[in-house]
Amino acid sequence: QVQLVESGGGLVQPGGSLRLSCAASGSIFSIYSMGWYRQAPGKQRELVAVITSGGSTNYADSVKGRFTISRDNAKNTVYLQMNSLKPEDTAVYYCNAVPSLRGAWGQGTQVAVSS
């Protein structure tokens with residue numbers, strides 16, 4: 001089983017930056033593709049960034065060019081660098097494997113972008 005703890009969220013102004021971290025416990029972290037998901041009130045959860053076990057990345061069109069996902073397998077950690085933040089990025093951000101593992105969802109970390 002993989003257990004995940006997200007951190008790094010906060011309140012920022014439009015155009016600002018945040019770096020999110022996801023700490024994973026579990027002995028097989030390195031074999032999973034990992035992703036960052038977000039969910040805003042009243043909206044479906046969406047996958048915004050993916051990184052494979054080999055380091056390939058992909059992004060939703062809404063964040064492409066602004067967000068960067070990375071991982072450090074030695075630290076069992078995945079990161080999301082978010083730049084040029086927009087109000088529509090406001091959401092609770094979660095990490096999980098891709099496809100997601102039902103039992104691995106953490107509490108998420110709140111990102112609020114507001115002037």
Side-chain angles (χ1 to χ4, degrees):
Q1 278 276 37
V2 175
Q3 297 169 290
L4 303 167
V5 179
E6 301 92 344
S7 63
L11 174 64
V12 296
Q13 293 182 314
S17 296
L18 284 172
R19 182 176 171 87
L20 308 184
S21 297
C22 171
S25 62
S27 60
I28 56 172
F29 170 81
S30 63
I31 75 171
Y32 292 102
S33 291
M34 296 294 296
W36 283 96
Y37 303 76
R38 68 185 183 187
Q39 188 167 23
K43 298 181 67 178
Q44 288 185 219
R45 184 171 57 217
E46 62 174 335
L47 179 63
V48 299
V50 176
I51 185 164
T52 70
S53 60
S56 296
T57 60
N58 206 358
Y59 302 91
D61 288 344
S62 58
V63 308
K64 187 177 180 181
R66 300 187 298 118
F67 290 11
T68 303
I69 188 171
S70 61
R71 68 193 296 164
D72 185 339
N73 289 338
K75 296 181 178 179
N76 284 358
T77 302
V78 61
Y79 305 95
L80 186 68
Q81 178 67 47
M82 305 186 295
N83 298 326
S84 301
L85 283 161
K86 303 175 179 180
E88 50 262 48
D89 296 318
T90 296
V92 178
Y93 284 71
Y94 302 88
C95 64
N96 207 328
V98 182
S100 62
L101 297 170
R102 189 183 186 211
W105 295 106
Q107 294 298 308
T109 187
Q110 176 73 57
V111 172
V113 185
S114 176
S115 59

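- A continuous path of ILVMFWY side-chain contacts below 4.5 Å connects L4 to L101, so both sit in one hydrophobic cluster.
- Looking only at distances, no side-chain donor or acceptor of Q110 sits under 3.5 Å from a matching main-chain atom of G10.
- Just one residue in the list V63, L20, V48 forms a side-chain contact (heavy atoms from CB on, under 4.5 Å) with M82, and that residue is L20.
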Are W36 and F67 close enough, and set up right, to give a ring pair (Phe, Tyr, Trp, His ring centres under 6.0 Å), and what steps lead you there? CA-CA 10 Å; W36 283 96; F67 290 11; 9.8 Å; no
Side chain to side chain donor-acceptor pair (under 3.5 Å) for Q13 and S115? Distances and angles first, verdict last. CA-CA 5 Å; Q13 293 182 314; S115 59; over 6 Å; no
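- Counting non-hydrogen atoms of neighbouring residues, nucleotides and ligands closer than 6.0 angstrom, the CD atom of Q107 reaches no more than 12 such neighbours.
- Rounded to the nearest 0.5 Å, atoms OG (S56) and CD1 (I69) are 11.5 Å apart.
- There is no path of hydrophobic side-chain contacts, each under 4.5 Å, that joins F29 to Y94.
- Of the possible donor and acceptor atoms, one in the side chain of T109 sits under 3.5 Å from a partner among the backbone N and O of G9.
- In this structure, D61 places its CG atom where only 12 or fewer heavy-atom neighbours from other residues, nucleotides or ligands lie under 6.0 Å away.
- Panel note: side chain E6, backbone C95; a donor-acceptor pair is recorded below 3.5 Å.
- By the 6.0 Å and 45° rule, R19 stacks over the aromatic ring of Y79.
- With no hydrogens or angles considered, a side-chain donor-acceptor pair links R38 and Y93 at under 3.5 Å.
- For the pair R66 and Y59, the cation-pi test (distance below 6.0 Å, angle within 45°) is failed.
- Distance alone, capped at 3.5 Å, is enough to place a donor-acceptor pair between the T52 side chain and the G54 backbone.
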